[in-house]
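Encoded as structure tokens, the structure appears first; notes follow it.
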Amino acid sequence: MRLVHGRRTPCILFMALLLVLSSLPAFAGHSDAPAVKKGILLVAFGTSEPEARVAFDHLGELAAKRFPAVPVRWAYTSNIIRKKIAKQGLMTDSVPVALAKMVEEGFTHIAVQSLHTIPGEEFHEKLLGVVNGFRSLATISVGSPLMTSPQDMETVVKAIQATIPAARKADEVVLLMGHGTHHPGNIYYPGLQWYLSTRAPLVFVGTVEGTPSLDDVLAELEGRKVRKIWLMPLMSVAGDHARNDMAGPEDDSWTSILTAKGYKVESVLKGTAEYDAFASLWIDHLQVAFERLD
Ligand code: CO
């Protein structure tokens, strides 16, 4: 009796130990790697205009619909915007802070989606450059901006055609306001103009800070019998540039300049990300990035 009892005790203890050990992650799986936890980080330039945020909300909704089980986080690349909205009581992380928080939360696989329009400075330096510093901490895959591949250009032209107001007549000009940049990525704007010229007559693209400029577009319009111009932002949100530089009442807004030249002008104050036609392309890029995590 005593002998049996003496043999049983260590046996029960051993089994209890096995039970405890088997519940630890290192013993439960085949390796001691942490459990896979996938997440999405959506990265926009940002906006300080509260009304313009509907565009980002729309993208967030589409991402949640496409990836219902995956947590989605946000970051803004613009320091100025983040400081500005912090004063309104809204906190948004920069890319490094958002990634550090996700690593801290245990995310092992992160799909980072750029919500920029072109691969310019914001994408290359504030997104890609920062992501590269986190590659030893997590598996990270980056989704490209709206216009990156030749196929994207075709999709964007179709999205532009689909979102031009139905009231626009065939002999009326549509002028898209892109941001433009000193970065080599600016080439996507004149690039888009080539696709438009061959596929969408009387649709032009101009930029606030790059090429083509408004003057370039005006030169292009000279000699054509154009009476009316529709202005539409080629930016994810209808923020400060769209509301002021494009449609604002100041003398140097595109609306004022074109009106002074004798054109009838009508503005559409909607960012591209508010339309499914554009937003779904960003989400398609996210899907490519997400599937690359495996
Ligand atoms: Co700007």
Side-chain angles (χ1 to χ4, degrees), residues 42-59 74-88 90 92-95 113-130 144-148 156 160 163 174-193 204-218 231-258 265 267-275 278-279 282:
L42 299 178
V43 183
F45 174 79
T47 182
S48 56
E49 299 283 322
E51 307 99 306
R53 270 177 222 128
V54 290
F56 294 152
D57 292 344
H58 183 230
L59 282 164
W74 279 86
Y76 284 178
T77 49
S78 168
N79 298 333
I80 296 167
I81 299 284
R82 278 186 290 103
K83 277 187 194 136
K84 229 175 170 179
I85 62 169
K87 284 183 196 143
Q88 303 163 12
L90 288 163
T92 305
D93 292 328
S94 63
V95 178
Q113 179 57 46
S114 156
L115 300 178
H116 303 108
T117 300
I118 55 149
E121 186 177 333
E122 297 291 320
F123 173 72
H124 280 287
E125 276 149 48
K126 297 216 189 120
L127 193 158
L128 215 47
V130 171
S144 53
L146 187 74
M147 297 195 283
T148 305
V156 165
I160 290 167
T163 52
V174 175
L175 174 52
L176 305 159
M177 178 192 255
H179 194 280
T181 172
H182 58 275
H183 188 275
N186 185 82
I187 198 66
Y188 279 89
Y189 296 104
L192 174 64
Q193 184 62 67
F204 296 91
V205 58
T207 64
V208 189
E209 289 177 18
T211 305
S213 63
L214 178 61
D215 283 342
D216 294 332
V217 178
L218 284 171
L231 291 176
M232 296 174 74
L234 183 68
M235 301 184 199
S236 60
V237 298
D240 188 47
H241 286 304
R243 280 159 214 275
N244 298 310
D245 302 327
M246 190 184 87
E250 299 80 13
D251 289 347
D252 59 352
S253 77
W254 285 20
T255 295
S256 300
I257 293 169
L258 293 168
V265 179
S267 284
V268 181
L269 278 181
K270 239 174 141 180
T272 52
E274 292 182 59
Y275 300 101
F278 290 97
W282 269 297

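Start at 1 and go down the list; that is how both ligands and their atoms are numbered. All heavy atoms count here, side chains included; hydrogens, waters and symmetry mates do not. All values derive from a computational prediction rather than experimental measurement.
The pair K270-E274 fails the salt-bridge criterion, with no side-chain N (NZ, NE, NH1 or NH2) lying under 4.0 Å from an Asp/Glu carboxylate O.
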Exercise. Evaluate the ring pair (Phe, Tyr, Trp, His ring centres under 6.0 Å) criterion for residues F45 and F123: first the C-alpha distance (whole Å), next the side-chain angles of each, then the deciding distance (0.1 Å), finally the verdict.
Key: CA-CA 9 Å; F45 174 79; F123 173 72; over 10 Å; no

Practice problem: Determine, step by step, whether E121 and H182 satisfy the side chain to side chain donor-acceptor pair (under 3.5 Å) criterion, reporting the C-alpha distance in whole Å, the side-chain angles of both residues, the deciding distance to 0.1 Å, and the verdict. | Solution: CA-CA 9 Å; E121 186 177 333; H182 58 275; 2.9 Å; yes

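No hydrogens or angles considered: a donor-acceptor pair under 3.5 Å links the side chains of H179 and H241.
N186 contributes a side-chain N or O that, together with a main-chain N or O of T181, makes up a donor-acceptor pair within less than 3.5 Å.
Atoms of the protein (N, O or S only) found under 2.8 Å from the Co ion (ligand 1) are H179 NE2, H241 NE2.
To the nearest 0.5 Å, the span separating CD on Q193 from CZ on F204 amounts to 6.0 Å.
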